[in-house]
Amino acid sequence: MPRIYNTIIIGAGAAGMMCAAHTGGQTLVIDHAKNPGEKIRISGGGRCNFTNIHTEASNFISQNPHFAKSALKSYTQHDFIAHVERHNIAYHEKTLGQLFCDNSAKQIIQLLQKDMQNADAHLQLETRITEISKTESGFQLTLEKHGKNEILTCRNVVVACGGKSIPKMGATGFGYQIAEQFGHTLTDIRPALVPLTFDGDILETAKTLAGVAIDAKVTTDKTSFNEALLFTHRGLSGPAILQISSYWREKQPIEVALLPSHDCLDLLRRERTRSGKRAIHKVLAEFLPKSIAAQIAKRTQLTGNLADQSDAKLQRLAAAINHWKLYPIGTEGYRTAEVTLGGVDTDGLLSKTMQSKSVPGLYFIGEVVDVTGWLGGYNFQWAWSSGYAAGTAIASDITTAPR
């Protein structure tokens, strides 16, 4: 006889475990990994940037910018912070509202596992789902573990197996396959929060400056982020670049401002009057890292002292500093992407419960959905909020009419 559950959750990540803690019991969480919460474990340098105190719907990218509002409102960042505090997990705020564990990301995993145990939710690891089908009363799943097959039945299935990012952690496109099997459409899927790559002179410049970081403003298509930029052997990385990568499209330029708080032309004119006898790169080094100052002077091909430069040449120099237009050739791909942009089209889901509009009992939560957060704890908050929305809906047996 098949094992029977009320709910089977596919994926023991942040969203899946959060959902399991709220489904009301008789729940099984299945994952092909050896351990639960592997992306939680490696996140934030091992300390887990578990939420952001400034979370709101505008921090997320989706074809429907309003879809995330219901779930984010039903379970807020303050709710999760309070939960962390109840478990006596020490944490601290870094820049821009990002919250990290003082000690280890494993504390968040342990919190979720304890919640699951208290909710009579069970975990089955190193298990692969080979088949899933709809039945009159719910779903039937065929599992494979260590060469042995087993059939399970359940009333609800929650797809929480994430996207394609970081395949070395076991990420696949399985959640998208399930969505398409049951008639759901997908939005454009691509790596996000990922370093950008370059070729030619820009790549050579990046290699020369590899390891150098600077606070900068990076813009593409009217979207800007003011955060750190890092030069690498492949191109550009750092928070500002990771953020803008979610908005960048192939063949589009990005614009970099290395001194975003300054009017560079006015600054250079003042320095020409005050320090005109000094070399260009030495003047720039008063405001920029020396290696970057030298590269800007080389890139603009201006020679002589600052006093030798006309206003037109100073304008060229100012543009090289604060209007540096670059054309990425691509990204580093899913290998280093923190998340996958796009996913299950939200038009097919109920925003308050995350349930399929067309397949009763089928839910999609977390990264597999077309809701992608900014860098800085937002994607974890989406996992908590969407997992809670689906879990509590299942526990209450809620059905909500399409909006």
Side-chain angles (χ1 to χ4, degrees), residues 49 52 54-56 58-61 93-98 192-198 201-203 205-206 208-232 234-271 280-281 283-300 314-332 337-339 341 372-378:
N49 180 194
N52 194 296
H54 302 308
T55 301
E56 53 186 38
S58 60
N59 303 123
F60 296 85
I61 305 167
E93 179 183 349
K94 283 192 176 180
T95 58
L96 304 174
Q98 302 172 60
L193 301 183
V194 62
L196 299 176
T197 57
F198 297 83
D201 292 341
I202 301 304
L203 178 59
T205 297
T208 301
L209 297 172
V212 177
I214 183 173
D215 287 338
K217 179 181 178 181
V218 183
T219 303
T220 191
D221 193 26
K222 300 180 181 180
T223 298
S224 300
F225 289 95
N226 287 63
E227 295 190 59
L229 176 151
L230 174 69
F231 292 90
T232 75
R234 294 187 181 89
L236 297 177
S237 187
I241 293 296
L242 299 186
Q243 296 278 40
I244 212 66
S245 73
S246 296
Y247 293 86
W248 175 75
R249 295 293 186 272
E250 289 73 10
K251 298 183 181 181
Q252 283 186 343
I254 63 171
E255 185 173 278
V256 176
L258 298 171
L259 288 175
S261 61
H262 289 81
D263 182 321
C264 283
L265 182 57
D266 285 349
L267 174 67
L268 292 170
R269 282 170 172 166
R270 289 197 302 270
E271 291 302 316
I280 293 172
H281 70 276
V283 174
L284 294 181
E286 296 292 325
F287 306 94
L288 296 163
K290 290 182 180 180
S291 55
I292 293 179
Q295 281 295 325
I296 291 173
K298 179 181 178 181
R299 176 157 49 91
T300 54
L314 290 188
Q315 180 69 59
R316 195 166 96 204
L317 187 58
I321 299 170
N322 268 358
H323 298 282
W324 187 19
K325 185 173 286 189
L326 305 171
Y327 285 86
I329 61 169
T331 75
E332 290 191 9
E338 296 202 13
V339 294
L341 188 77
T372 306
W374 290 0
L375 184 73
Y378 297 102

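The figures here come from the full heavy-atom set of this structure, side chains too, leaving out hydrogens, waters and symmetry mates.
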Tightest non-hydrogen contact, residues Cys264 and Asn322, listed as SG-ND2, 3.3 Å
Are the side chain of Asn52 and the backbone of Tyr378 linked by a donor-acceptor contact shorter than 3.5 Å? no
Is any side-chain heavy atom of Leu326 closer than 4.5 Å to a side-chain heavy atom of Pro253? no
Side-chain touch Thr205/Phe198, heavy atoms, less than 4.5 angstrom: no
Distance-only donor-acceptor hits, side chain of residues 285-295, under 3.5 Å, sequence neighbours excluded:
from, atom 1, to, atom 2, distance (Å)
Glu286, OE2, Arg278, NH2, 3.3

Any side-chain to backbone donor/acceptor pair from Arg299 onto Ala320? Under 3.5 Å, distance only. yes
Any donor-acceptor N or O pair under 3.5 Å, side chains Glu93, Gln98: no
Compare every heavy atom of Leu193 with every heavy atom of Leu375, then report the nearest pair and how far apart it is. N-CD2, 3.8 Å
Restricting to side chain to side chain donor-acceptor pair (under 3.5 Å), what partner residues turn up for Glu338, sequence neighbours left out? none
Does a sphere of radius 6.0 Å around CZ in Arg316 hold more than 12 heavy atoms from other residues, nucleotides or ligands, not counting ones at 6.0 Å or beyond? yes
For the residue pair Thr300 and Ala297, what are the closest heavy atoms and their distance? OG1-O, 3.1 Å
Option from Thr219, Thr220, Asp221 for which side-chain contact (heavy atoms from CB on, under 4.5 Å) with Ile254 holds: Thr220
Minimum heavy-atom separation for Ala216 and Leu229, please, with both atom names. CB-CB, 4.1 Å
So which heavy atom on Leu314 is nearest to which on Leu268, and how close? O-CD1, 3.6 Å
Donor-acceptor pair, side chain of Ser245 and main chain of Val194, under 3.5 angstrom: yes
Which heavy-atom pair separates Leu259 from Leu267 by the least distance, and what is that distance? CD1-CD2, 4.2 Å
Got a donor-acceptor contact below 3.5 angstrom from the Glu271 side chain to the Val283 backbone? no
Taken in chain and number order and not counting sequence neighbours, the residues that satisfy ring-ring contact (aromatic ring centres under 6.0 Å, His included) with Phe225 are Tyr247, Trp374
